[in-house]
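Right, one structure below, let's go through it.
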Amino acid sequence: LDITESKYAQKALSESEKRYRRISEAVTDYIFTVRVGNGHPEETYHGPTCVAVTGYTAEEFTSDPFLWIRMVPEEDQNVVRAQAAAVLAGEEPEPIEHRIRRKDGQIRWVSNSLVPNYDVKGSLVSYDGLIRDITSRKIAEETLRHSEERYRQLVETMNEGLAMGDHDYIFTFVNERFAEMLGYSRE
């Protein structure tokens, strides 16, 4: 009976580990907290799901206080620094989008939102950040932009006239060739 219970427990543990792995692989967000003293960051805590987004563990962030900015490509660092400076200056910073270089070298896009926390006197004591991986959305946006560009080039350079109208038969679009065919300007 003990062997049967042990096998059942091992199977349950294995299933639980598989479920946890699937969940952690699906995580695209993580939270970090920056403790502030005298207007300057003193300590940062990165939640355990940081590894799913960045490839780095919370311990790696703790042991390297500048990892958070070094993993941001140089051309994006100014916007990240400006957001941190804004929250330290007492402003409500807007969410930003920037790239990060994961530990495995992959470039990913993230949304970075900060929420300041004040004490009863109104002094900033910390701020929380939410990092969300938005790479899939950025890729979809870029794909759509390229598709729209190709469509626009095709429509504008084709030899045939093209016109689109609404349900009241009012033109909503005409290409240059259509306007030429009728002897009118596009306007």
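Predicted, not measured: the structure shown is a model, and the values here were computed from it.
For the atom pair Lys138 NZ and Asp133 CG, the distance stands at 12.0 Å (nearest 0.5 Å). Residue Asn159 holds its CG atom at 10.5 Å from CE of Met181, rounded to the nearest 0.5 Å. Atom CD1 in Ile170 sits 15.5 Å away from atom CE in Met164 (nearest 0.5 Å). To the nearest 0.5 Å, atoms CG (Leu88) and CD (Gln83) are separated by 10.5 Å. Rounding to the nearest 0.5 angstrom, the gap separating the OG atom in Ser111 from the CD atom in Glu97 is 5.5 Å. Of the inter-residue distances, the one linking Arg152 atom CZ with Thr157 atom OG1 reads 11.0 Å to the nearest 0.5 angstrom.
No side-chain donor-acceptor contact under 3.5 Å links Thr172 and Asp166.
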Under the criterion side chain to side chain contact (heavy atoms under 4.5 Å, CB included), I'd like the reasoning laid out for Leu67 against Arg70: C-alpha separation, chi angles, the key distance, then a yes or no. CA-CA 5 Å; Leu67 177 57; Arg70 283 191 306 99; 4.0 Å; yes

Take Ile100 and Trp109 through the side chain to side chain contact (heavy atoms under 4.5 Å, CB included) test and state the conclusion after the steps. CA-CA 6 Å; Ile100 62 168; Trp109 277 94; over 6 Å; no

Let me see the working for Val115 and Tyr127 under side chain to side chain contact (heavy atoms under 4.5 Å, CB included), right down to the final yes or no. CA-CA 5 Å; Val115 179; Tyr127 59 91; over 6 Å; no

Verdict with reasoning, Val125 to Val36, per side chain to side chain contact (heavy atoms under 4.5 Å, CB included): CA-CA 5 Å; Val125 293; Val36 176; 5.9 Å; no

Does the salt bridge (Lys or Arg N to Asp or Glu O under 4.0 Å) test come out yes or no for Asp119 and Lys121, once each step is laid out? CA-CA 5 Å; Asp119 65 14; Lys121 296 177 186 175; over 6 Å; no

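Residues forming a salt bridge (Lys or Arg N to Asp or Glu O under 4.0 Å) with Glu156 (at least two apart in sequence, or on another chain): Arg186. Under the side chain to side chain donor-acceptor pair (under 3.5 Å) criterion, Arg99 pairs with Glu75, Asp76, not counting sequence neighbours. Remark: Asp168 engages no residue in a salt bridge (Lys or Arg N to Asp or Glu O under 4.0 Å) (not counting sequence neighbours). Residues satisfying the salt bridge (Lys or Arg N to Asp or Glu O under 4.0 Å) test with Glu142, not counting sequence neighbours, are Arg145.
Val72 is not connected to Val51 by any chain of hydrophobic side-chain contacts under 4.5 Å among Ile, Leu, Val, Met, Phe, Trp and Tyr, and they are in different clusters. Linking ILVMFWY residues whenever their side-chain heavy atoms come closer than 4.5 Å, directly or via other members, places Tyr56 and Tyr30 in the same cluster. The hydrophobic clustering, which links ILVMFWY residues whose side-chain heavy atoms are closer than 4.5 Å, places Ile96 and Ile107 apart.
Within a 6.0 Å radius of CZ in Arg102, more than 12 heavy atoms belonging to other residues, nucleotides or ligands are found.
Leu182 belongs to a hydrophobic cluster with Phe171, Val174, Phe178, Tyr184, counting contacts under 4.5 Å between side-chain heavy atoms of Ile, Leu, Val, Met, Phe, Trp and Tyr, direct or through other members. Residue Tyr45 is found outside any hydrophobic cluster, as its side-chain heavy atoms come under 4.5 Å of no other Ile, Leu, Val, Met, Phe, Trp or Tyr.
Contact check for Arg81 versus Ile69: side-chain heavy atoms found under the 4.5 Å cut-off. Inter-residue side-chain proximity for Asn112 and His98 is flagged as met; some heavy-atom pair is nearer than 4.5 Å. Thr54 is listed as a side-chain neighbour of Phe61, based on a closest heavy-atom distance under 4.5 Å. Asp128 places none of its side-chain heavy atoms less than 4.5 Å from the side chain of Phe32.
Within the 3.5 Å criterion, the main-chain N or O of Val34 finds no donor-acceptor partner in the side chain of Glu43. Looking only at distances, no side-chain donor or acceptor of Gln153 sits under 3.5 Å from a matching main-chain atom of Arg150. Distance alone, capped at 3.5 Å, is enough to place a donor-acceptor pair between the Thr57 side chain and the Glu60 backbone. Put simply, the side chain of Thr143 gets close to the backbone of Ile139: a donor and an acceptor are under 3.5 Å apart.
Asp29 and Val53 get closest at one heavy-atom pair: N-CG2, 3.9 Å. Nearest approach of Asn117 to Leu124, heavy atoms of both residues: O-CD1, 3.5 Å. Gly90 and Tyr118 make their closest contact through O-OH, 3.7 Å (heavy atoms, listed as atom of the first residue, atom of the second, distance). Across all their heavy atoms, Cys50 and Ala58 have their closest contact at SG-N, 3.4 Å. Closest of all the heavy-atom pairs between Asn175 and Glu160 is ND2-O, 3.1 Å. Glu92 and Pro116 make their closest contact through OE2-CG, 3.5 Å (heavy atoms, listed as atom of the first residue, atom of the second, distance).
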